[in-house]
Amino acid sequence: MTLLRDADIDPSPLRGKQVAIIGFGNQGRAQALNLRDGGVAVRIGLREGSDRAAEAGAQGLQVLDPAAATKDADLVMLLAPDEQLARIYDCISDALKPGASLGFSHGLAIHFGLIAPRPDLDVIMVAPKGPGSALRSLYAAGKGMVALAAVARDASGGAWGLALAYAAAIGCGRAGIIRSTFEEECVADLFNEQAVVWGAVPELLAAGFDTLVESGVQPEVAYLECVSELKLLAELVEGVGLAAMRERISNTAELGGLLGGPRLVDDNLRRDMRTILEEIRSGRFAAQLSEEADAGYPRLRESRRRAAASLLERTRQSLDRSA
Ligand SMILES: NC(=O)c1ccc[n+]([C@@H]2O[C@H](COP(=O)([O-])OP(=O)(O)OC[C@H]3O[C@@H](n4cnc5c(N)ncnc54)[C@H](OP(=O)(O)O)[C@@H]3O)[C@@H](O)[C@H]2O)c1
């Protein structure tokens with residue numbers, strides 16, 4: 001693995017080029033503002049009635065409808081929810097100029113065939129490894145965020161150079177860019193979301209909270225133990241790594257973790273992780289995501305409603321009020 005940095009990257013593939021960013025959400029906003037601050041010509045494509053048009057306009061960005069933003073653009077970045085990208089591509093495909101480049105920040109829509117781009121288009125990916133808010137604040141502080149970059153189709157012969165120049169222009173060359181593939185980025189990202197940080201960890205926190213509360217511990221105490229301390233863990237892991245993290249905590253916590261952790265993260269859990277990985281690889285999850293979007297997101301709406309009404313959330317609010 002080579003970590004490419006600004007000094008290794010030729011910025012010229014973006015020079016004099018027009019970039020269109022479709023979507024002004026988490027990634028779209030951050031990437032557009034970083035490009036603008038770096039002197040790249042960027043415009044925003046938003047559907048009619050978008051609440052975000054005013055904010056993009058207030059930032060001095062030109063806002064057009066997605067097809068108009070795409071027309072004449074050399075690189076069109078699709079930065080809207082993955083399950084919406086096929087619909088968006090259908091709206092802009094006639095406007096994409098011959099030989100333009102189509103860009104993504106996640107591999108799903110291309111790897112699982114939700115979009116089949118025209119053969120004359122380069123298809124690239126620059127996937128920052130973190131949320132847009134951090135991509136923007138790091139850039140503003142003169143720093144950057146690590147990104148994965150990849151090429152799915154190199155029709156022009158210059159797709160990799162363009163991907164690198166784009167990654168550097170949004171600040172990722174300050175931290176490092178790793179060459180990957182759409183498949184690798186997409187599968188690893190979905191796996192983490194489902195089986196590790198965004199899937200397993202919140203469930204583990206809630207299960208720990210429930211277990212203590214059911215045994216008679218006050219909800220506020222259970223929340224402080226099982227939920228609030230996650231921030232301490234994240235800071236230690238980020239700052240010094242997993243190995244040194246264990247040395248930084250008390251011997252009591254270190255031995256307790258050594259005895260308790262592997263009882264939960266056992267062979268059964270590792271087998272279930274492999275099953276989740278297989279389901280991702282097979283395209284089952286990508287199909288479920290499209291079905292959820294087509295049905296109007298019933299599962300997501302129900303889960304948000306339940307989480308907002310839960311004892312855990314009410315406890316968080318009561319601790320916030322007393323702080
Ligand atoms: N979020 C992250 O932390 C993160 C990190 C790395 C990579 N990524 C990837 O970055 C990409 C963008 O994700 P995101 O989280 O930034 O998305 P997001 O914040 O949910 O995107 C919101 C934007 O998409 C627009 N949009 C939604 N549906 C649309 C449609 N049908 N037609 C036109 N515009 C539509 C919204 O328009 P309105 O303004 O009209 O609502 C809004 O401007 C995805 O591929 C994602 O996997 C995300």
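Residue numbers run from 1 in the order of the sequence given. Both backbone and side-chain heavy atoms feed into the values below; hydrogens, waters and symmetry mates do not. Read the numbers this way: they start at 1 and go in the same order the structure lists the ligands and their atoms.
Around CD of Q317, the count of heavy atoms belonging to other residues, nucleotides or ligands within 6.0 Å exceeds 12. Residue R248 qualifies as open at atom CZ: its count of foreign heavy atoms under 6.0 Å is 12 or below. In this structure, N251 places its CG atom where only 12 or fewer heavy-atom neighbours from other residues, nucleotides or ligands lie under 6.0 Å away. In the displayed structure, R316 atom CZ is contacted under 6.0 Å by more than 12 heavy atoms of other residues, nucleotides or ligands. Taking a 6.0 Å sphere around CD of E220, one finds it holds more than 12 heavy atoms contributed by other residues, nucleotides or ligands. In the displayed structure, D51 atom CG is contacted under 6.0 Å by at most 12 heavy atoms of other residues, nucleotides or ligands.
At least one heavy atom of G130 lies less than 4.0 angstrom from ligand 1.
Nearest non-hydrogen protein atom to atom 21 (O) of ligand 1 is P81 CD, 3.6 Å. Considering only non-hydrogen protein atoms, atom 48 (C) of ligand 1 sits nearest to Q27 CG, 3.5 Å. For atom 42 (C) of ligand 1, the nearest protein heavy atom (residue, atom name, distance) is R52 NE, 3.5 Å. Among protein heavy atoms, the minimum distance from atom 31 (N) of ligand 1 is reached at Q84 OE1, 3.2 Å. The shortest contact between atom 45 (O) of ligand 1 and any protein heavy atom is with D82 OD1, 2.6 Å. Protein heavy atom nearest atom 15 (O) of ligand 1, with residue, atom name and distance: N26 CB, 3.6 Å. Protein heavy atom in closest approach to atom 26 (N) of ligand 1: A80 CB, 3.7 Å. Protein heavy atom in closest approach to atom 43 (O) of ligand 1: F24 N, 2.9 Å.
Atom numbering of ligand 1 starts at 1 in the shown order; those under 4.0 Å from a heavy atom of L79 are 12 (C), 21 (O). Of all atoms in ligand 1, numbered sequentially from 1 with element shown, those under 4.0 Å from a heavy atom of P131 are 3 (O). Atom numbering of ligand 1 starts at 1 in the shown order; those under 4.0 Å from a heavy atom of I88 are 29 (C), 30 (C), 32 (N), 33 (C), 34 (N), 35 (C). Heavy-atom proximity to P128, at under 4.0 Å, picks out these atoms of ligand 1: 6 (C). Atoms of ligand 1 found under 4.0 Å from any heavy atom of S105 (numbered from 1 in listed order, with element): 7 (C), 9 (C), 10 (O). Short contacts between ligand 1 and H106, defined as distances under 4.0 Å to a heavy atom of the residue, involve ligand atoms 45 (O), 47 (O).
Across all their heavy atoms, A167 and I177 have their closest contact at CB-CD1, 3.5 Å. The two residues F24 and A32 come nearest to each other via the heavy atoms CE1-CB, 4.2 Å. When all heavy atoms of I115 and L78 are compared, the closest pair comes out as CD1-CD1, 4.1 Å.
Ligand 1 has no N or O atom lying under 3.5 Å from any N or O atom of R87, backbone or side chain.
Remark: R174 is positioned above the aromatic ring of Y139, its terminal NZ or CZ atom under 6.0 angstrom from the ring centre and at most 45 degrees off the axis.
Here R305 pairs with E302 in a salt bridge; the nearest charged N to carboxylate O distance falls below 4.0 Å.
Counting heavy atoms closer than 4.0 Å to ligand 1, residue R47 contributes side-chain atoms (C-beta onward) but none from N, CA, C or O. Contacts between I22 and ligand 1 below 4.0 angstrom, taking non-hydrogen atoms only, are absent altogether.
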